[in-house]
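Shown below is the structure under consideration.
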Amino acid sequence: MRVLALETSCDETAVAVVEINTRRILAQQVYSQFAEHAAYRGVIPELASRAHQARLPALVEACLHGAGLRVADVDAVAATVGPGLTTALAMGTSFAKTLALVADKPFLAVNHIEGHALSPLLAPDGQALAEAFLQRDAPYILMLLTGGHCQLVRVEAVGRYTLLGTTQDDAVGECFDKVGKMLDLPHPAGPAVERLAATGNPHAVALPRPRLEHPLDFSFSGLKTAVRDVIGRGDLSPADVAASFQHTVATLLADKLARALEANPTRFAVVAGGVAANACIREALETVCAARGVAFVAPPLALCTDNAAMIAYAGGLRHQYGLDTGDLGIRVVPRWAL
Ligand code: KG4
Ligand code: ZN
């Protein structure tokens with residue numbers, strides 16, 4: 001089964017064709033709208049939507065060409081219908097519905113978060129995970145780290161997710177972005193914070209770690225305030241602030257993953273979402289898994305940040321498992337939990 005997918009939930013215009021049974025990404029294109037939003041230091045929904053509209057036709061054409069296919073050759077057309085920015089979601093969704101209608105193919109409505117959750121199955125080193133998970137239903141622990149979410153999830157099977165813990169305030173990517181803004185870095189600041197942190201001392205300052213009622217929940221607002229105070233004192237270099245912040249987040253996430261694995265022993269643990277691109281965080285999580293004999297899978301960088309391959313794969317799997325993926329009548333769902 002080959003699925004063509006469109007992802008337009010935020011500021012990445014992404015298109016991909018994935019062969020579901022072989023887990024092969026036949027082609028993928030991502031246009032990141034940095035230039036469109038740079039002056040505003042945040043994402044402007046209307047500009048995002050217009051940029052999606054302008055870019056989608058050429059990206060779809062390039063993807064099909066790259067895969068050596070015509071629309072008639074794919075088996076379904078998928079799109080992210082939520083969660084995300086309403087007008088941005090609507091652009092990709094209408095485009096995908098039109099393609100599906102014209103080519104007479106099923107339309108698959110995909111939850112963006114489910115795309116991230118299943119993305120490690122597409123990783124080159126995710127073969128063992130994918131086989132165990134898809135054939136024998138071996139569950140895995142997912143640490144989902146995006147700009148909008150920070151969650152620990154037990155992925156039982158395609159379409160079956162148990163929430164173990166979540167953030168009580170900011171998402172982890174949001175926290176990186178806010179700290180980056182305080183340090184005058186361009187939005188989205190996660191990658192810039194990581195680059196700056198590479199030249200700083202991670203032990204320059206001890207930052208507070210939240211005490212929470214539920215041990216698998218997260219909170220980042222106290223950390224954010226502490227970073228603001230440290231910057232205000234003015235006695236540390238921006239690189240030392242960035243490195244200490246990143247180190248604190250990595251330690252905190254590693255500690256949560258360790259607790260989650262203790263309470264839910266599984267053979268596999270994965271990290272997904274844009275923040276999973278952070279090498280310091282990946283390393284900290286990998287160390288936790290190695291110490292427990294748990295196989296750790298992190299998608300390659302291009303599959304961590306927003307992309308359409310994960311949307312194609314999630315849509316294709318749901319379709320194959322006979323799970324409802326909506327129809328042409330489905331509307332966008334701006335807020336939609338996994
Ligand atoms: O998953 P994603 O691409 O979009 C959402 O669905 O939210 O995640 C975007 C988030 C942004 O907050 C961005 O700053 C963060 O991921 N991010 C990073 C890195 N790369 C992206 N955070 C820390 N280190 C990185 N290398
Ligand atoms: Zn995302």
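Both counts, for ligands and for their atoms, begin at 1 and track the order of listing.
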Centroid-centroid under 6.0 Å between Phe245 and Phe176 rings: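 Phe245 vs Phe176: aromatic centres under 6.0 Å.
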Apex the Zn ion (ligand 2) - arms OD1 from Asp306 and NE2 from His112 - angle rounded to 10°: 100°
Pair Lys181 + Asp177: basic N to acidic O under 4.0 Å: no
Heteroatom proximity flag, Pro188 to ligand 1, N/O under 3.5 Å: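 No; the residue has no nitrogen or oxygen that sits under 3.5 Å from a nitrogen or oxygen of the ligand.
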Numbered atoms of ligand 1 (with element) below 4.0 Å of Thr305, judged on heavy atoms: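 Checking each atom against Thr305, I get 3 (O).
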Lys178 with Asp170: basic N within carboxylate O range, under 4.0 Å: yes
Top protein contact for atom 22 (N) of ligand 1, by heavy-atom distance: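 Sorting protein heavy atoms by distance from atom 22 (N) of ligand 1 puts Gly190 CA, 3.4 Å first.
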For atom 16 (O) of ligand 1, the option (of Gly180, Pro83, Gly274, Gly84) bearing the nearest heavy atom: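 Among Gly180, Pro83, Gly274, Gly84, the closest heavy atom to atom 16 (O) of ligand 1 belongs to Gly274.
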Min heavy-atom dist His149 to ligand 1 below 4.0 Å: no
Between Tyr140 and Phe133, ring centroids under 6.0 Å: yes
His116 near the Zn ion (ligand 2): N/O/S under 2.8 Å: yes
Nearest-neighbour protein heavy atom for atom 26 (N) of ligand 1, which is reported as residue plus atom name and distance: Glu194 OE1, 2.7 Å
Which of the ligand 1 atoms, numbered from 1, are nearer than 4.0 Å to a heavy atom of Gly148: 7 (O)
Nearest-0.5 Å distance, CD of residue Glu262 to CG of residue Leu216: 10.0 Å
Ligand 1 contacted by Gln246 (non-hydrogen, < 4.0 Å): no
Salt-bridge present (Lys105, Asp75; N to O < 4.0 Å):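 No.
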Ring centre gap for His187 and His37 strictly below 6.0 Å: no
Sole candidate of Gln53, Arg55, Gln33 that passes side-chain hydrogen bond (donor to acceptor under 3.5 Å, both in side chains) when paired with Thr13: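 Filter result, single survivor: Gln33.
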Nearest protein heavy atom with distance in Å, relative to atom 24 (N) of ligand 1: Asn278 ND2, 3.1 Å
Test item, Cys10 contacting ligand 1 (heavy atom, 4.0 angstrom): no
Contacting atoms of ligand 1, where contact means under 4.0 angstrom from a heavy atom of Gly147: 5 (C), 7 (O), 8 (O), 9 (C), 10 (C), 12 (O)
Numbered atoms and elements of ligand 1 in range of Gly173, under 4.0 angstrom, heavy atoms: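 Reading through ligand 1 atom by atom, the close ones are 12 (O).
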Minimum-distance protein heavy atom relative to atom 6 (O) of ligand 1: His112 NE2, 3.1 Å
Arg282 with Glu286: basic N within carboxylate O range, under 4.0 Å: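 No, this pair does not count.
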Residue selection (non-hydrogen contact nearest atom 4 (O) of ligand 1) among Asp306, Val172, Thr146: Asp306
pair Cys150-Leu144: side-chain heavy atoms closer than 4.5 Å: no
Atom indices of ligand 1, in the order listed, that fall short of 4.0 Å to a heavy atom of His116: 1 (O), 6 (O)
Nearest candidate to atom 11 (C) of ligand 1, where distance is taken over non-hydrogen atoms, out of Val249, Asp11, Asp177, Val275: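 Looking at heavy atoms only, the winner is Asp177.
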Carboxylate-amine/guanidinium contact Arg50 Glu46, below 4.0 Å: yes
